[in-house]
Amino acid sequence: MRLGSGAFAASCVAIEVIGVAIFIRGFFPAPVRSSARPEHGAETPAPEPVAGVSSNWTKLPPPLFSKVVIMLIDALRDDFVFGSKGVKYMPYTTYLVEKGASHSFVAEAKPPTVTMPRIKALMTGSLPGFVDVIRNLNSPVLLEDNVIRQAKAAGKRIIFYGDETWVKLFPKHFVEYDGTTSFFVSDYIEVDNNVTRHLDKVLRRGDWDVLILHYLGLDHIGHISGPNSPLIGHKLSEMDSVLMKIHTSLLSKDRETLLPSLLVLCGDHGMSETGSHGASSTEEVSTPLLLISSAFERKPGDVRHPKHVQQTDLAATLAIGLGLPIPKDNVGSLLFPVIEGKQMREQLRFLHLNTLQLSKLLQENIPAYEKDPGFEQFKMAERLHGNWVKLHLEENHSDILLGLGTKVLRQYLGALKTLSQSLSTQVAHYDIYSMAVGTLMVLEVLTLFLLSTPHVLCRKAELDVPLLSPVFSLLFYLIFLVLSAIHVLVCTSSESSCYLCNLPWLAAGAVMVLVSALFCAILSALIRMVTDGTLLRKNATVASSGWSEVNLLLLLGTVGHVLSLGASSFVEEEHQTWYFLINTLCLALSQETCRSYFLGDDCEPQHHFQVEQKCVNVLACTLQDSTSCSTPESESDTAGKRASLLEAHRSCKWWTVLASPWLVLICCRLLRSLNQTGVQGAHRPDFSHWLTSSDHKVHLSGLAALSLVVIFILVQKGCSLVSKVALALGLLGVFCYRAAIGIVLFPWQPDNKGISNREVGLQSDSIQEMCSRCAPPRTTCIILKWRLQGKGNSNNIATIDISAGCVGLETYMEVPATFLTVFGTYVGPVLWASHLVYFLSSEGNNGSALSRACFCYALICSVPVATYIVLVTSLRYHLFIWSVFSPKLLYEGMHLLITAAICAVFTATNQTRHSRA
């Protein structure tokens, strides 16, 4: 079966996407879960342990609080409350922290630090999977056991106002709710007013038990202008006023009830120095947790400093406070200061319930649970607890009882800490079988790409795939039967659940068919290379003379970059690798261009042009097909093309030849300083922050106008009058839109240095477009794989600019917002792919330019993906596997999906051209 290189590449990338998806599904499995499902009904609570006699306490303890108000401020960083900003902008909250009836904590949020997984952690006490980053855009119903479900089952009335993510996670749980859109980040005023407007009415009523408020404005400000914006102080002051209103109302109600109320102030995640979140920096994982209640009255001189706890500890604390069962999947510990004022028997009962729940979860998820130190501590504490209860029931009030109770208390607290740590580290079991199958598919595709390179890059740009041959059909069936047998063996003998084993047989069989077909194709390519003896003999001489310094630089740079992905520091600062390689490449191109131009035939410029023509691929076409690339006609055509290229090259002005590489270097340096990124340099000031400040709006307006004018000048060449008018109107519309939302100013507008509700970050697309057009075609094709960091992107999830998804939208719409966000993140690869097509078309290969571009682009994107999944498999127990390597894996997976889409467009376009011809 003969395929064009474009169709071949598109098919291979589509299969590779399937392989990466299977690998990711195995690499990001479900976290630790209890086997008892919530729908099975509430279990009978464990009785109080007692030695020799039966306890008279067999029910859940009564609630500690009559009402609970949870005030969750999105992206509330710990220093916004406990630091200088808290003292300045939140005076009432600061008073409660320092002198009021409260307990304050710094709660650590585990990555990924995005809203939906953090809400799950707060309400279930479990650690959500890393793939919840993707599900965060469309939150499904929460099926795990959680505090909200337990409260509803207990007949408690729950009211919610705020982020609509809660409504999606907990449908039919709230007796009253009003959800607000969380992804329309340009709005940070109305989104909070829609929550606060309900407060006066609700606080006057007494027909509710739990009130949940989720404020989004602070998070939106962070995405727009960062944590140091003046808007942050105004928003913190607003939140302080809301907290004071709620607390004052609860205090007045406490006089009328037997039990006090509880006010919880917390954040779901923090905020990075760039204003975003998603990763694991200290600013992103550190959140304040403030528990306020009249039950926590202080004695004179009682100084309470914020203690460090886990965010998952809140679920168990809320459950105990409301008199509910602790969620079955909880891995958190009860915050002991909440029950510190209770009687010793009550304290021990609360701690026993929490420790027992953790020990059951440990037994269900760790085979050797009996050897776990936390489980041993729990058993010891339970025995001591039984002895204490026996003495207590005998009404023994001696000092021995008090001393034994204190010992049991310490033993329980130690067991809680150890069990929680054990379960938190056992976040997931890797699905090795799915990972292996996905890796095999990706490596097979890469091998097929490499073996097919000499043939698809030749003049015919076609590949013969003999899958329909009888010999290979027999081999195909043999391989398929072997793989099916392995699949049955793994699925019947595996103790843990495998994703592929849970698939329908038809779907699993389709995966085996793909693996078998790829193996047959690889074998056919190898046989073709071995049987063609003249090919190998010919290339023994070609390979020794066909590599220039630039080719070697490209090869070494690509290999070095791929190998560097095995180090966490190089993954975090990958943009530095690109900066170095691009600058080195530009200098090498400058040296070669000058030598070719000024020395002429002495340095064989024809040879350099031959290398230039094939620079689109790092591996080049060093292995030429003797039947299709060495005919006299092809040699005469090549000689003619070289002569025409040489003539055109020498007709250029000398200063253009000298200036082009240095102009590219200047543009790269400007882009580098436009947005600081990475872990080490994200906090440093950059040109983008300077431009987007309200004091420099005039400069931003002038630069934006200049960029649009330059784009018009560069694009309008060769366009018709109608196209020029349409282009001018479109660019004018871009400027008008930015002026309408307050980013830039028209010349007749005054320079208003106040704070705009629509203030957003600089969109650097026009500058990147301008600088990219300064690059010569050769540099364009080489930088195709090397994604530019002009936009501030990195392998950190926090650098995803979700504000790009709101451009031109009055309200949040999921499909266009998702498309705009993805396009804004991967606009670099899309831009350079289009430049690759332009370069190949300019070389005269109009008929096969799209096919060749598709193949080159697919090959260059496949190499790092295949290498990286092998690296993360070997590093799956690395300390930074979740905070550093996993986000990079998601980025590469999405990049491959974008590559598949681009290849599909290229192939479809090429087929349309051929059908019209």
Side-chain angles (χ1 to χ4, degrees), residues 62-73 76 81 86 90-105 107 122-123 147-148 151-152 154-162 166 174-178 192-193 195-215 236-267 288-299 302 304 306 314-315 317-324 335 337-342:
L64 303 178
F65 308 103
S66 59
K67 294 182 183 297
V68 173
V69 178
I70 301 176
M71 182 179 174
L72 192 154
I73 303 177
L76 185 65
V81 175
M90 304 185 76
Y92 189 78
T93 305
T94 302
Y95 168 78
L96 292 176
V97 170
E98 296 178 350
K99 301 179 181 179
S102 67
H103 291 292
S104 55
F105 308 90
L122 288 169
M123 294 296 106
V147 175
I148 301 296
K152 184 177 184 296
K156 297 188 180 296
R157 296 172 59 85
I158 311 172
I159 297 177
F160 170 76
Y161 304 116
W166 289 77
F174 306 123
V175 296
E176 183 180 323
Y177 65 89
D178 184 12
D192 285 348
N193 290 343
V195 177
T196 307
R197 64 189 176 96
H198 297 282
L199 279 182
D200 291 333
K201 177 183 64 175
V202 171
L203 292 175
R204 285 195 298 265
R205 292 157 40 189
D207 59 345
W208 54 270
D209 301 293
V210 180
L211 173 63
I212 303 175
L213 310 171
H214 189 149
Y215 286 93
L236 291 177
S237 298
E238 177 187 343
M239 295 295 100
D240 191 58
S241 302
V242 172
L243 181 76
M244 182 172 64
K245 176 187 292 187
I246 298 173
H247 186 225
T248 304
S249 176
L250 292 179
L251 287 178
S252 64
K253 297 289 184 180
D254 283 351
R255 303 186 185 99
E256 306 170 3
T257 57
L258 297 177
L259 293 176
S261 57
L262 174 67
L263 172 59
V264 179
L265 173 67
C266 62
L289 176 59
L290 186 60
L291 305 181
I292 307 168
S293 174
S294 57
F296 306 148
E297 288 293 342
R298 302 194 191 200
K299 297 178 181 178
D302 185 5
R304 301 173 181 175
L314 182 62
T317 305
L318 289 177
I320 294 296
L322 291 170
L324 305 172
L335 296 176
V338 175
I339 62 171
E340 199 169 11
K342 298 297 179 181

query = Got a second to check how far Leu314's CG is from Leu335's CG, nearest 0.5 Å?
reply = 7.0 Å

request  = First locate atom CG of Leu213, then atom CE of Met239, and finally report the distance between them rounded to the nearest 0.5 Å.
outcome  = 9.5 Å

note = Residues Val68 and Trp208: closest non-hydrogen pair is O-CZ3, 4.1 Å

request  = Please lay out, stage by stage, how Val242 and Val195 fare under the test side-chain contact (heavy atoms from CB on, under 4.5 Å).
outcome  = CA-CA 10 Å; Val242 172; Val195 177; over 6 Å; no

note = One should read off an interatomic distance between Ile339 CD1 and Leu64 CG, to the nearest 0.5 angstrom, of 8.0 Å

remark   = CD1 of Ile158 to CD of Glu176, rounded to nearest 0.5 Å, is 13.0 Å

task = Please name the pair of heavy atoms, one in Val81 and one in Met90, separated by the smallest distance, quoted to 0.1 Å.
result = CG2-SD, 4.2 Å

task = Quick one: which residue pairs count as a side-chain hydrogen bond (donor to acceptor under 3.5 Å, both in side chains) with a foot in residues 249-265, not counting sequence neighbours?
result = Asp254-Ser261, Asp254-Ser294

task = Evaluate whether atom OH of Tyr177 has more than 12 neighbouring non-hydrogen atoms of other residues, nucleotides or ligands under 6.0 angstrom away.
result = no

Donor-acceptor contact present, side-chain Arg304 to main-chain Ser102, <3.5 Å = yes

message = Any heavy-atom pair between the side chains of Leu72 and Leu122 that's under 4.5 Å?
response = yes

query = Mind checking whether Leu211 and Ile246 have side chains closer than 4.5 Å, heavy atoms only?
reply = no

ask   = Rounded to the nearest 0.5 Å, how far does CG of Leu236 lie from CG of Leu243?
value = 12.0 Å

key: Tyr161 and His198 aromatic ring geometry - parallel, tilted or perpendicular at 30°/60° bounds   = parallel

ask   = Ignoring hydrogens and geometry, is there a side-chain-to-backbone donor-acceptor pair from Ser66 to Leu259 under 3.5 Å?
value = yes

note = Taken to the nearest 0.5 Å, the spacing of Met71 CE from Lys245 NZ works out to 10.5 Å

request  = Decide yes or no for Leu318 and Met123: does some side-chain heavy atom of the first lie under 4.5 Å from some side-chain heavy atom of the second?
outcome  = yes

request  = Hey, can you tell me if Phe174 and Phe160 have their rings parallel, tilted or perpendicular (30° and 60° cut-offs)?
outcome  = parallel

Distance-minimising heavy-atom pair for Cys266 and Leu76 = O-CD2, 4.1 Å

key: side-chain contact (heavy atoms from CB on, under 4.5 Å) assessment of Leu250 paired with Ile292   = CA-CA 10 Å; Leu250 292 179; Ile292 307 168; over 6 Å; no

ask   = How far apart are the closest heavy atoms of Phe296 and Leu291, and which atoms are they?
value = CD1-O, 3.7 Å

Partner residues of Thr196 under the side-chain hydrogen bond (donor to acceptor under 3.5 Å, both in side chains) criterion, sequence neighbours left out = Tyr215

query = What's the shortest heavy-atom distance between Asp302 and Arg298, and which atoms?
reply = O-NH1, 3.3 Å

ask   = How far apart are the closest heavy atoms of Leu322 and Val210, and which atoms are they?
value = CD1-CG2, 4.1 Å

